[in-house]
Structures are given as structure tokens and as C-alpha cells.
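Worksheet: one structure, shown below.
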Amino acid sequence: MCFSDDTLPDGFSVTKGNLISYVPYAMGRIKSLWGEDAEEFKPNRWLDENGIFRQESSFKFTAFQAGPRICLGKEFAYRQMKVFASVLLSAFSFKMADENKAVNYRTMLTLHIDGGLHLLASRRR
Ligand code: HEM
């Protein structure tokens, strides 16, 4: 809610009392932000040319929001995801249980995969 008239960084004017909302789901798929391949699952877009993780601006990747009230657990959450991914991927390889089954979202308060994402895990040698 705007407490006073203001101009946003992109030049858009807002007036006192305006309600502004945005949709992180849509922002995460916008081509003007992420390029033509915005809708592709492409984890390497987060890596620099040396394969090192590169943080995006929290105003662009808004899952944790941004600014003074940004999620306080952001770094902790990233660390947990990295620890789980590295432990699981070093011990197992994964493939889809049914390669031909379409994977769709089920939109709820958080984003679920409709019917779950069934995988086959095999131990790496
Ligand atoms: C993938 C995991 C997580 C996501 C996507 C997430 C997302 C968010 C979002 C969107 C907010 C609201 C920020 C705002 O109001 O502008 C938030 C707030 C917060 N998060 Fe998280 N969060 C995650 C994990 C965690 C974890 C693991 C912790 C603690 C260990 C945590 C602690 C907090 C706290 C304390 C706030 C309130 C910050 C404030 O209002 O000043 N979060 N989080």
C-alpha cells in the first residue's frame, strides 16, 4: 500500500493509497527478465563462466522478496538446498519413473507438482 505519492525506479508513478502487488511465479518466467529461454528448466543459468554459483538480484528473483524485510532464512535455506542436493546427487542418480508422463503444477498456497514427481533413484558406483 503506498503511503505517499511516489515514482518507482522504472518511472511508473503511484499515488497515495494505491495497492501494488506482483506475482513471483510470473516474474520468474518473464522473457524480458530471463531471456527467450525463460520457461526452460536450466539450472546452469545460475552459474558464471567458471561454474560458480552467481546470485541474482533479490529484486529480480523474488522468491525470498527483497529489501529490508527480505527473508531472514534465505542463506540458511540456500545452504540446506545445496547440502541436500550435493549429498543426494553424489550418492544417487535420478530419472523420471515415467518419462512419458506430463509434469504439471498444482497451484496452491505453495506450488506443488500435481500427483507428485515420481523418480527412480539408483545408487552411484
Ligand atoms: C525456500 C525457503 C524459503 C522461502 C522461499 C522463504 C520466503 C520468504 C518470504 C517470501 C518472506 C517474506 C519477506 C517479506 O515480507 O518481504 C520470508 C520471511 C521470513 N523468512 Fe523465509 N523463506 C524460506 C526459508 C526460511 C527459513 C529456512 C527461515 C528460518 C530459518 C526463514 C525465516 C524467515 C523470517 C524470520 C522471515 C520474516 C522476516 C521479516 O519479516 O523481517 N525463511 N521468507
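When reading the values below, keep in mind they use all heavy atoms of this one structure, side chains included, and skip hydrogens, waters and symmetry mates. We count ligands from 1, going down the list as the structure has it; atoms in each ligand are counted the same way.
- Protein heavy atom nearest atom 12 (C) of ligand 1, with residue, atom name and distance: Gln65 CG, 3.9 Å.
- From the protein, the heavy atom lying nearest to atom 27 (C) of ligand 1 is Phe76 CD2, 3.7 Å.
- In this structure the side chain of Glu40 reaches within 4.5 angstrom of the side chain of Arg45, judged on heavy atoms.
- Once rounded to the nearest 0.5 Å, the distance linking NZ of Lys16 with OG of Ser4 reads 8.0 Å.
- Nearest protein neighbour of atom 14 (C) of ligand 1, counting heavy atoms only, is Arg69 O, 3.0 Å.
- Shown here, atom 29 (C) of ligand 1 is in close reach of the protein: a heavy atom of it lies under 4.0 Å off.
- Between Ala97 and Leu120, the closest heavy-atom pair is CA-CG, 3.9 Å.
- The aromatic rings of Trp46 and Trp34 sit tilted relative to each other, their planes meeting at an angle between 30° and 60°.
- One distance of note links CG of Leu117 with NE2 of His112; it measures 13.5 Å at 0.5 Å rounding.
- Within the set Pro24, Ala63, Gly67, the minimum heavy-atom distance to atom 7 (C) of ligand 1 is found for Ala63.
- Note on ring orientation: taking the six-membered ring where Trp is involved, the planes of Tyr105 and Tyr25 are perpendicular (angle over 60°, cut-offs 30° and 60°).
- In terms of heavy atoms, Met1 sits closest to Gly17 at SD-O, 3.2 Å.
- Counting heavy atoms from C-beta on, the side chains of His118 and Asp98 never come closer than 4.5 Å.
- Around atom 21 (Fe) of ligand 1, the protein contributes the following N, O or S atoms under 2.8 Å, ordered by chain and number: Cys71 SG.
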